[in-house]
Amino acid sequence: MSKNLTKRSEDYSKWYNELVVKADLAENSAVRGCMVIKPYGYAIWEKIQAELDRKFKETGHQNAYFPLFVPKSLFEAEEKNAEGFAKECAVVTHYRLKTDPEDASKLIVDPNARLEEELIVRPTSEAIIWNTYKGWIQSYRDLPILVNQWANVVRWEMRTRLFLRTAEFLWQEGHTAHETRAEAIAETEQMNNIYADFVENFMAIPVIKGRKTESERFAGAEDTYCIEALMQDGKALQAGTSHFLGQNFAKAFDVKFTSKEGKLYYVWATSWGVSTRLMGALIMTHSDDNGLVLPPNLAPIQVVIVPIYKGEDQLNQISEVAQELVADLRKKGISVKYDNRDTHRPGAKFAQYELQGVPLRIAIGPKDLEKGTVELARRDTLTKQFVAKSDVVETIESLLKEIQESLYQKAKQFRDEHITEVNTFDEFKEVLEGKGGFISAHWDGTEETEQKIKELTKATIRCIPFDAKEEEGSCVYSGKPSKIRVLFAKAY
């Protein structure tokens with residue numbers, strides 16, 4: 001597995017694209033804008049999925065599955081949602097093909113098989129789910145409904161990049177129904193906090209929690225909370241969103257419940273989701289010019305053992321020690337692979353596992369057998385040490401925790417060093433083009449100013465941080481009074 005990666009400092013975008021393919025995570029498919037997630041990449045996604053699924057279930061959510069297709073009339077029911085996604089919709093108009101009468105080797109759409117109603121391939125599932133909830137909800141006793149689905153969605157993107165933006169992608173989408181406004185807002189906050197906790201503690205990516213401006217909200221939401229992360233090239237990435245939908249979808253689909261007092265009310269709603277875009281965040285937060293760097297919590301293989309030998313006798317002796325180590329590590333819940341392939345040299349194996357971001361690598365040779373030691377190499381720091389065989393399991397347990405924490409602290413330090421306060425528009429532009437990162441600046445609260453800054457600089461308001469301190473100031477662009485700083489950045 002050849003590295004030959006473009007250096008990040010030379011061309012960050014090219015480095016990213018090469019790394020995704022060379023590390024065997026994903027590749028472009030025969031379908032324009034769609035990707036094939038390869039087994040190694042999917043194994044990382046499965047770890048993301050499993051941990052999030054556990055967190056969802058701990059908070060009372062259940063998984064369900066809803067149709068891929070949404071009748072156009074249902075999709076149109078909530079106007080803002082329909083309008084927000086209209087340009088990205090794939091539409092099914094026919095249900096059958098037939099042989100071309102002029103060329104029997106080709107198929108054409110059968111004009112007699114046009115659907116009575118066109119179907120939208122879901123870009124998001126609010127419409128089909130709230131139409132379903134209408135049949136599930138009659139009384140306050142039916143509430144709350146706490147449902148999540150793991151699914152694929154289609155958004156017909158014109159410019160695509162593996163994991164970050166593809167025409168079809170995988171995600172989870174939670175859709176909940178509540179009796180009161182306060183309950184729904186509490187749910188929205190809870191899920192945003194769960195995302196933040198997961199991304200920081202499991203993926204080792206520091207995030208800023210905040211709310212979106214009105215123009216950046218989810219189409220059809222009253223409020224959108226988010227977590228924003230910063231990539232190594234100084235661009236922001238939205239890592240997760242949680243939406244307070246108010247009663248918009250309940251009104252659009254006429255979903256009401258009878259209260260304890262016998263009165264009829266519209267239901268309150270939320271939706272929330274993260275996607276395979278998290279894979280892009282993972283790659284761009286930790287990886288280096290040698291390839292992937294994976295936090296131990298997410299690594300499909302946490303430890304790899306590579307034998308260095310001449311002849312079958314040496315291999316058999318090393319294998320005995322290695323298999324013992326494998327068994328001891330697995331007892332501790334550590335995922336380990338013993339790579340005794342005779343088709344690759346040790347150097348090629350080292351290069352492969354470095355490229356694929358395996359946190360720890362053990363090399364065992366004849367001299368190690370004599371000394372009762374192994375060579376232990378860290379992927380994050382590329383340092384090596386010799387460890388007594390009797391201490392290996394304990395050392396590995398300790399190092400995996402250390403690597404997880406170290407990756408988080410390194411990313412946090414980078415993020416914190418790239419949050420810059422500015423007070424003038426000249427400063428704003430200078431920091432944006434030079435240093436990059438998050439720019440903390442006063443904003444007058446108008447969409448007009450927000451759009452003008454975006455038009456002039458391509459920077460958007462990533463969020464209004466929840467912990468932003470109130471202070472009197474002047475908008476960085478218009479000079480009008482402002483009471484709070486928001487975070488701007490260029491973003492993926």
Side-chain angles (χ1 to χ4, degrees), residues 1-49 152-172 199 202-205 229-240 274-302 304 337 348-359 379-380 382 407 410-411 414 490-492:
M1 190 176 280
S2 167
K3 285 187 191 174
N4 296 327
L5 286 173
T6 297
K7 284 187 163 40
R8 288 168 298 167
S9 57
E10 287 174 14
D11 188 332
Y12 195 80
S13 179
K14 194 176 179 188
W15 164 82
Y16 173 84
N17 292 333
E18 287 176 358
L19 179 50
V20 171
V21 173
K22 289 186 176 183
D24 243 9
L25 300 176
E27 63 188 29
N28 289 305
S29 75
V31 185
R32 194 204 67 79
C34 293
M35 63 178 165
V36 173
I37 304 175
K38 298 182 80 173
Y40 191 66
Y42 200 80
I44 299 170
W45 174 245
E46 282 180 315
K47 284 209 153 191
I48 290 172
Q49 196 176 20
N152 62 335
V153 287
V154 171
R155 295 181 185 175
W156 212 256
E157 302 279 3
M158 297 314 291
R159 292 180 182 178
T160 59
R161 187 181 296 185
L162 295 169
F163 291 121
L164 294 173
R165 201 172 286 279
T166 48
E168 179 197 15
F169 56 90
L170 304 181
W171 77 347
Q172 58 72 213
V199 173
F202 211 76
M203 299 185 71
I205 300 174
L230 190 67
M231 304 298 98
Q232 294 168 345
D233 63 344
K235 282 188 180 178
L237 187 141
Q238 180 181 286
V274 297
S275 73
T276 35
R277 164 174 266 242
L278 283 179
M279 295 283 290
L282 179 70
I283 296 159
M284 290 196 290
T285 301
H286 303 303
S287 303
D288 60 24
D289 290 344
N290 295 299
L292 271 184
V293 176
L294 293 177
N297 285 348
L298 278 178
I301 306 162
Q302 293 171 310
V304 65
K337 176 180 177 179
K349 293 177 186 179
F350 291 172
Q352 175 187 339
Y353 296 117
E354 197 170 280
L355 179 61
Q356 292 191 310
V358 175
R379 173 61 188 89
D380 61 330
L382 300 174
L407 287 175
K410 184 182 176 186
F414 176 84
K490 287 184 179 178
Y492 283 98

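Residue numbers count from 1 along this sequence.
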Suppose the criterion is salt bridge (Lys or Arg N to Asp or Glu O under 4.0 Å): which pairs have a residue in residues 281-290, not counting sequence neighbours? Arg8-Asp289, Asp288-Arg379
Shortest non-hydrogen contact from Gly280 toward Tyr16: CA-OH, 3.5 Å
Met203 and Pro295: which non-hydrogen atoms are nearest, and at how many Å? O-CG, 3.4 Å
All ring-ring contact (aromatic ring centres under 6.0 Å, His included) counterparts of Tyr40, not counting sequence neighbours: none
Rounded to the nearest 0.5 Å, how far does OG1 of Thr285 lie from CG of Leu237? 7.5 Å
Considering residues at least two apart in sequence or located in another chain, which fulfil the side-chain contact (heavy atoms from CB on, under 4.5 Å) criterion with Val31? Ser29, Cys34
Any donor and acceptor pair, going by atom type alone, linking the side chain of Lys22 with main-chain N or O of Asn4 inside 3.5 Å? yes
Check side-chain contact (heavy atoms from CB on, under 4.5 Å) between Ala299 and all other residues, then give those that pass, not counting sequence neighbours. Leu294, Gln302, Pro359
Quick one: side chains of residues 162-170, donor-acceptor pairs under 3.5 Å with protein atoms, not counting sequence neighbours, listed by atom name and distance.
| residue | atom | partner | partner atom | Å |
| --- | --- | --- | --- | --- |
| Arg165 | NH1 | Glu157 | OE2 | 3.3 |
| Thr166 | OG1 | Glu168 | O | 2.8 |
| Glu168 | OE2 | Asn152 | ND2 | 2.8 |

Once you round to the nearest 0.5 Å, how far does CG of Leu25 lie from CG of Leu282? 8.5 Å
Under the salt bridge (Lys or Arg N to Asp or Glu O under 4.0 Å) test, residues paired with Lys47 that sit two or more places apart: none
Can you name the residues that form a ring-ring contact (aromatic ring centres under 6.0 Å, His included) with Tyr492, not counting sequence neighbours? none
Go through the structure and list residues passing side-chain contact (heavy atoms from CB on, under 4.5 Å) with Ala236, not counting sequence neighbours. Glu228, Phe438, Arg462, Ala489, Ala491
Would you check if the side chain of His286 reaches a backbone N or O of Ala411 as a donor-acceptor pair within less than 3.5 Å? no
Looking at every non-hydrogen atom in both residues, tell me the closest pair between Leu292 and Leu19 and how far apart they are. N-CD1, 3.6 Å
Flag the pair Ile205 / Leu278 as yes when at least one side-chain heavy-atom distance between them is below 4.5 Å, and no otherwise. no
Report the distance from atom CG of Leu355 to atom CD of Glu18, rounding to the nearest 0.5 Å. 10.5 Å
Please identify each residue that fulfils salt bridge (Lys or Arg N to Asp or Glu O under 4.0 Å) with Lys410, with sequence neighbours left out. none
For Phe350, all residues meeting ring-ring contact (aromatic ring centres under 6.0 Å, His included), sequence neighbours excluded: none
In Å and rounded to the nearest 0.5 Å, what is the OH to CH2 distance from Tyr12 to Trp15? 4.5 Å
Heavy-atom side-chain contact between Ile48 and Val274 under 4.5 Å: no
For Trp156, check ring-ring contact (aromatic ring centres under 6.0 Å, His included) against everything at least two apart and list the hits. none
Chi angles and distances behind the side-chain contact (heavy atoms from CB on, under 4.5 Å) call for Thr6, Asn17: CA-CA 10 Å; Thr6 297; Asn17 292 333; over 6 Å; no
Residue pairs passing the salt bridge (Lys or Arg N to Asp or Glu O under 4.0 Å) test where at least one lies in residues 26-37, sequence neighbours excluded: Glu27-Lys38
Below 4.5 Å, heavy atoms only, C-beta onward: do Val20 and Met279 meet side chain to side chain? no
Given side-chain contact (heavy atoms from CB on, under 4.5 Å), test Tyr353 with Lys337 step by step and report yes or no. CA-CA 11 Å; Tyr353 296 117; Lys337 176 180 177 179; 3.1 Å; yes
Considering all heavy atoms of both residues, which atom of Ala26 and which atom of Met35 are nearest to each other, and what is their separation? CB-SD, 4.5 Å
